[in-house]
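Notes follow once the structure below has been shown.
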Amino acid sequence: MQLDLNLLTALDALLEEGSVAGAAARLHVTPPAMSRSLGRIRKATGDQILVRTGRTMVPTTRALAMRAQVHTLVQQAHQLLSAQQELDLAALDRVFTVRWHDALTASSGTALIAAVRRQAPGVRLRLSAEPGTDDTELRRGEVDLESSSGTPALPDIRHRLVGRDRLVVTVRPGHPLTEGPLSLKRYAAAEHLTVSRRGILRDPIDDALTAHGLERRVAAAGPTAAFALQLALDTDLVVTLPDAVTRRAREQLGLATLPLPVPLPDVPLYLLWHQRYDNDPAHAWLRDLATETIQALFTPPTTPHQPLADHTGP
């Protein structure tokens, strides 16, 4: 059987877009031409690939199983054939999936999208909600760039430290804690809110308080920083969050910010990606642009700016 490898590119676009029209627009071909490609793919694979459900098309079970592998093969082919070419941002046509913590997306997502549109108007960003740590999605190529407060456990996941953030206490204007110095005992005696997508009511702050013989009452756990800040504005609950990535949201809501009275180390902020993209010029451009965008949050700088190193393992 003689294979037309162009069908892989068409298949990747069809699985990415979920429609013939969307895939045709992505590859700059007519819908009838893409429809013919889908027919050839169906004949070659013996599978329908996309089936109609109402007004939309959904991938078959086999299509879902092969999606990550097809995407990887197409990306590897692009890298192989363009390794000696200069990156032309004006002509770059690519979709990147960026999965960041919600507070980081809120603080830096707009600036990143604006910078991408300015430099590479053909690039599209898919800002994905962060469901939790799942480095296997980086491995499968479903996520191109991820944020994390810890280094990856998998050896094929690269990481770059882009900043360190300090924790601060956030309360509504006129909250009792804003009256006078915030002591450790007053902080512990207040009712608190944690931020956890899994609803966890305890975090490292509780361990630090325990070391001082104190215990706080956590009344609730919120799924996102945005929800926590809104709840802090509407109630007497106290929320403790990283400073730089929530500063803009706190200022917009008019919340009061207090220093954390218990000593805790700064929270590191890393960008993660799979090693397959190490020599991908387009991906290197994206992660450098993301680094620059995020580092703008940490101003004024405490030390002269120096390039941050990438790491090849945990």
Side-chain angles (χ1 to χ4, degrees), residues 99-108 129-135 146-154 157 159-172 175-178 181-233 235-250 255-272 294-295 297-298 302 308 311 314:
R99 186 173 68 185
W100 284 354
H101 186 274
D102 74 287
L104 183 60
T105 300
S107 60
S108 297
E130 182 194 35
T133 301
D134 183 7
D135 290 343
E146 182 173 282
S147 71
S148 175
S149 60
T151 57
L154 301 176
I157 303 300
H159 63 282
R160 172 188 293 179
L161 178 67
V162 294
R164 294 185 182 274
D165 210 349
R166 65 188 179 101
L167 294 173
V168 293
V169 179
T170 300
V171 294
R172 65 169 177 80
H175 190 283
L177 290 186
T178 62
L182 180 57
S183 67
L184 195 55
K185 288 185 178 180
R186 292 182 68 209
Y187 173 77
E191 287 196 317
H192 295 258
L193 169 72
T194 61
V195 178
S196 170
R197 294 181 182 276
R198 292 177 293 169
I200 297 174
L201 296 171
R202 186 179 179 88
D203 61 29
I205 294 173
D206 297 283
D207 298 330
L209 290 173
T210 299
H212 288 83
L214 296 170
E215 185 177 350
R216 66 174 180 167
R217 181 176 184 275
V218 177
T224 66
F227 172 84
L229 291 174
Q230 187 62 54
L231 197 58
L233 179 64
T235 69
D236 277 341
L237 291 177
V238 177
V239 61
T240 304
L241 292 169
D243 178 33
V245 296
T246 63
R247 184 181 299 125
R248 181 180 179 185
R250 297 195 320 270
L255 289 162
T257 300
L258 305 170
L260 182 65
V262 57
L264 281 176
D266 290 345
V267 181
L269 179 58
Y270 296 94
L271 290 179
L272 311 181
I294 294 171
Q295 287 183 335
L297 297 175
F298 300 92
T302 55
L308 294 169
H311 299 273

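Within the model, atoms CG of Leu154 and NE2 of His159 stand 12.5 Å from one another, a figure rounded to the nearest 0.5 Å. Atom OG1 of Thr240 is separated from atom CD1 of Ile205 by 4.0 Å, given to the nearest 0.5 angstrom. Atoms CZ and OG1, from Arg216 and Thr210 in turn, are 10.0 Å apart once rounded to the nearest 0.5 Å. Between the CG atom of Leu260 and the CG atom of Leu241 there is a distance of 11.0 Å, given to the nearest 0.5 Å. If you take OH on Tyr270 and OG on Ser147, they are separated by 13.0 Å, rounding to the nearest 0.5 Å. Between the CD1 atom in Ile157 and the OG1 atom in Thr151 there is a gap of 12.0 Å [rounded to 0.5 Å].
Residues satisfying the ring-ring contact (aromatic ring centres under 6.0 Å, His included) test with His192, not counting sequence neighbours, are Tyr187. With sequence neighbours left out, the side-chain contact (heavy atoms from CB on, under 4.5 Å) criterion links Thr105 to Trp100, Leu127. A search for side-chain hydrogen bond (donor to acceptor under 3.5 Å, both in side chains) contacts involving Glu215 returns nothing, not counting sequence neighbours. In terms of the side-chain hydrogen bond (donor to acceptor under 3.5 Å, both in side chains) criterion, Asp266 has no residue partners (sequence neighbours excluded). Evaluation of the side-chain contact (heavy atoms from CB on, under 4.5 Å) rule for Ala220 yields Leu193 as partners, not counting sequence neighbours. Residues that satisfy the side-chain hydrogen bond (donor to acceptor under 3.5 Å, both in side chains) test with Arg164, not counting sequence neighbours, are absent from this structure. Partners of Arg166 under the salt bridge (charged side-chain N to carboxylate O under 4.0 Å, His left out) rule, at least two apart in sequence or in another chain, are Asp243. For Thr246, the side-chain hydrogen bond (donor to acceptor under 3.5 Å, both in side chains) partners two or more places apart in sequence, or in a different chain, are Arg250. Listed by chain and number, the residues in a side-chain contact (heavy atoms from CB on, under 4.5 Å) with Ala188 are Leu209, Leu214 (sequence neighbours excluded). Legend: residues meeting side-chain contact (heavy atoms from CB on, under 4.5 Å) with Asp236, ordered by chain and number and at least two apart, are Arg172, His175, Pro176.
In this structure the side chain of Leu269 never reaches within 4.5 angstrom of the side chain of Leu297, judged on heavy atoms. At a threshold of 4.5 Å between non-hydrogen side-chain atoms, the residues Leu167 and Pro242 count as touching.
A donor-acceptor pair under 3.5 Å links the side-chain atoms of Asp165 to the main chain of Val245, judged by distance alone. The closest donor-acceptor contact from the side chain of Thr194 to the backbone of Ser196 lies at 3.5 Å or more, if one exists at all. No donor-acceptor pair closer than 3.5 Å links the side chain of Arg202 to the backbone N or O of Val218.
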Kindly list each side-chain donor-acceptor pair under 3.5 angstrom involving residues 222-229, sequence neighbours excluded, with atom names and distances?
unit_1: Thr224; atom_1: OG1; unit_2: Phe227; atom_2: N; d: 3.1

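A pairwise comparison of heavy atoms in Ser149 and Val267 identifies CB-CG1, 4.0 Å as the closest pair. In this structure, Arg186 and Pro181 approach most closely via the heavy-atom pair NH1-O, 2.7 Å. Shortest non-hydrogen contact noted between Ala232 and Thr170 is CB-O, 4.3 Å. The minimum heavy-atom distance between Leu264 and Ala208, with the atom names listed, is CD2-CB, 3.8 Å.
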Can you check side-chain contact (heavy atoms from CB on, under 4.5 Å) on Val239 and Leu255, steps first, answer last? CA-CA 11 Å; Val239 61; Leu255 289 162; over 6 Å; no
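Counting non-hydrogen atoms of neighbouring residues, nucleotides and ligands closer than 6.0 angstrom, the CZ atom of Arg248 reaches no more than 12 such neighbours.
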